[in-house]
Structure formats: structure tokens, C-alpha cells
Amino acid sequence: MVLISFAIGVLTQIPGIRPEPLGEAEVPFWINAALFLVFGALTLWLVSAVYSARNWGRWSLLVYLGLTWLLGVGLVMADLQSTPILALIDLACIGMEVVACGLLFFGPGGKWFRARPPAAQSGNGA
């Protein structure tokens, strides 16, 4: 779900889909591309750590997504005025990420991580 949310978020950044705020200069494409590569690589690395049953990956993904949620609130609020459909898309993406994190910490996912031996979770033994 996190990767789907990231992909949808990238699609909403395509020039022409999300209008530039009035009075602000357009961000050059190469800056958007560089940010996509950096945050895309970080997201893939953290998700792969979670898929590898690394407990630190689960906590790191939660912190990373939590920071993106805090930073994204301003963007969602601005989009509510100018492009409400993009605000709804952003809120849906945040919702998917919240559900994904909830599944990692509660229910069967949380039990599975708690049942793993500490050596397997740290990445040193398995």
C-alpha cells in the first residue's frame, strides 16, 4: 500500500496536473526528478526492510511516513482551495499509508513481528 500511495503521489506531481501557486516560480523539472529519486529510493529501501522482517525497518517506515504526513498537511490544505480533487487524492494516499502502518503494528502483522527472534529482526543473524 505504501508503494501504491507513493506512485499515486508521484503522478499528481506531473506538470500540468497540480497547478503552481500564484506568485511562485515553477520548480524546475530536474529538481522534481532528483527529489523523486531520493525519496523513491528511501521508500523502496524501507519497504524492502519491512518485507525482510526487519523490526527497525517497520519503525523507520513509521517515522518516515509520519514526517511526510506532517509536511503534507500544508499541501493538502492549500489544495482544498485550488484543486479539491488533488486534496482528496492526497488524503486517500495518507489513508492508505495509515492503514499500512496500522497493519504493521496491530493484528496479525504486529503479532508476527513480536514473535520473531531478536536476531532475525536486527538483520545480524538471518
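- The minimum heavy-atom distance linking Trp69 with Glu97 is given by the pair NE1-OE1, 2.6 Å.
- Expressed to the nearest 0.5 Å, how far SG of Cys101 lies from CZ of Arg58 amounts to 10.5 Å.
- Linking ILVMFWY side-chain heavy atoms closer than 4.5 Å, directly or via other members, places Leu46 and Leu67 in two distinct hydrophobic clusters.
- A 4.5 Å side-chain heavy-atom check between Val50 and Phe113 finds at least one atom pair inside the cut-off.
- Grouping the Ile, Leu, Val, Met, Phe, Trp and Tyr side chains by contacts below 4.5 angstrom, directly or via other members, places Leu35 with Leu42.
- In this structure, the separation between CG on Leu80 and CG on Leu88 is 7.5 Å, given to the nearest 0.5 Å.
- Linking Ile, Leu, Val, Met, Phe, Trp and Tyr whenever their side-chain heavy atoms come within less than 4.5 Å puts Phe106 and Ile94 in one cluster.
- Atom CG of Leu37 and atom CH2 of Trp30 lie 12.5 Å apart (nearest 0.5 Å).
- By the rule that hydrophobic residues join a cluster once side-chain heavy atoms approach within less than 4.5 Å of another member, Val63 and Tyr51 end up as members of separate clusters.
- Here the straight-line distance linking atom CE of Met1 with atom CG of Leu104 works out to 8.5 Å at 0.5 Å rounding.
- Val73 and Ile8 are assigned to two separate hydrophobic clusters, defined by single-linkage of ILVMFWY side chains at heavy-atom distances under 4.5 Å.
- Distance check, rounded to the nearest 0.5 Å: CH2 of Trp56 to CG of Leu61 gives 10.5 Å.
- Aromatic ring pairs are classed by plane angle as parallel below 30°, tilted from 30° to 60° and perpendicular above 60°; the pair Trp59 and Phe105 is perpendicular.
- We find the CG-CG distance between Leu44 and Leu3 to be 6.0 Å, quoted to the nearest 0.5 Å.
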